[in-house]
Trainee: 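Got a structure for you, written out below as structure tokens; questions coming shortly.
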Amino acid sequence: MLDYHLHLWPHHEHDTPLRVEQLARYCEQAEAAGVTELALTEHLFRFRQAEDVLGGFWDDGGIPPALAESMAEYWDFHARTDLDAYVECALEAKEAGLPVVIGLEVDYYEGRMDQVARLLDGYPFDVLLGSVHWIGGWRFDDLDDPVSMAEWSVRQVDACWATYTVAMEELAASGTCDVLAHPDVIKVAGYVPDAPAEWWDRIAEAASSSGMAAELSSSGWRKPVAERYPAQGLLERLVARGVPLTTASDAHHLDHVAYRADDLRAVLASVGVDELQAYRARSPHAVPVAPPPAGTGSRAAERSGV
Ligand SMILES: [Zn+2]
Ligand SMILES: [Zn+2]
């Protein structure tokens with residue numbers, strides 16, 4: 001099992017020191033859940049280097065002033081750390097023998113993915129997650145921001161899913177990243193169309209035609225939608241097209257590392273998947289879904305709704 005989506009800092013923190021000891025604790029907790037390899041995937045927008053290249057992107061396409069102001073504040077708060085120091089810390093952890101690979105979670109920036117690729121070129125990344133968290137400058141998944149959440153009451157759910165799907169298609173086609181993270185995160189706040197099949201088909205097709213893997217993430221279970229990513233209908237479409245999978249917790253602190261890994265195992269078994277995709281230097285290779293460590297397997301079987 002993998003935990004291929006890990007953050008070092010909660011969103012409300014910055015200027016937190018980078019320490020190999022923190023990564024060692026992540027690895028210990030993961031190992032106890034039978035998770036044998038971790039990918040460090042901090043958000044690209046937490047680094048000053050991103051601010052230099054991408055800052056102000058939200059003004060590209062006619063965003064309402066309240067959302068623009070909210071996004072400007074959000075970026076100013078988050079883009080504080082040095083990308084080189086992050087990579088050095090991850091390299092140090094690797095050299096110390098910890099089972100980690102180096103990555104980032106990269107957002108989709110319409111019309112700017114060439115700039116993103118140039119920014120990341122030359123770093124020793126093993127895996128890059130591609131995510132859509134924003135529609136234009138609207139942070140549709142920022143549950144803590146009332147300005148962002150208010151938008152859900154003035155927009156049509158189908159239109160939001162349509163725009164999200166186009167962004168996912170463009171992100172996949174850009175070839176900038178390796179894994180589509182939380183493929184249906186647009187559902188995070190609980191807004192799901194009555195008939196999502198068209199969007200599921202298109203997202204699965206985008207993954208398949210780009211050669212990207214897709215992520216099976218337990219983080220949705222912690223959100224208002226109370227459902228993992230992707231939903232069963234999307235997962236089945238991905239598997240039917242032969243899209244490789246990773247598993248992920250999307251932890252932003254130690255408590256969530258390897259979150260519900262046993263339930264993710266049960267989901268994989270339900271669709272007949274017994275291999276995951278891991279990466280080195282952005283080249284994929286298959287790894288087996290290992291059985292759960294002794295003493296944890298029964299918990300998955302007892303749960304419902306996986
Ligand atoms: Zn994300
Ligand atoms: Zn994340």
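What you see is a predicted model, and the numbers here were worked out from it, not measured in a lab. The residues of the chain are indexed from 1 along the displayed sequence. Atoms within a ligand are numbered from 1 in the order they appear, just like the ligands themselves.
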Trainee: Assign the ring pair His78 / Tyr74 to parallel, tilted or perpendicular, where the plane angle (0 to 90°) is split at 30° and 60°.
Mentor: tilted
Trainee: For Tyr164 and Phe140, take the angle between the two ring planes, folded into 0 to 90°, and tell me which bin it lands in: parallel under 30, tilted 30 to 60, perpendicular over 60.
Mentor: perpendicular
Trainee: A cation-pi test, strictly: NZ or CZ of Arg155 under 6.0 Å from the centre of the six-membered ring of Trp138 and no more than 45 degrees from its axis. Yes or no?
Mentor: yes
Trainee: Centroid-to-centroid, His252 to His12, below 6.0 Å?
Mentor: no
Trainee: Which protein N, O or S atoms sit under 2.8 Å from the Zn ion (ligand 2)?
Mentor: His5 NE2, His7 NE2, Glu105 OE1, Asp250 OD1
Trainee: Take a 6.0 Å sphere around CD of Glu275 and say whether it holds more than 12 heavy atoms from other residues, nucleotides or ligands.
Mentor: yes
Trainee: Would you say the rings of Trp75 and Phe57 are close, in the sense that their centroids are separated by under 6.0 Å?
Mentor: yes
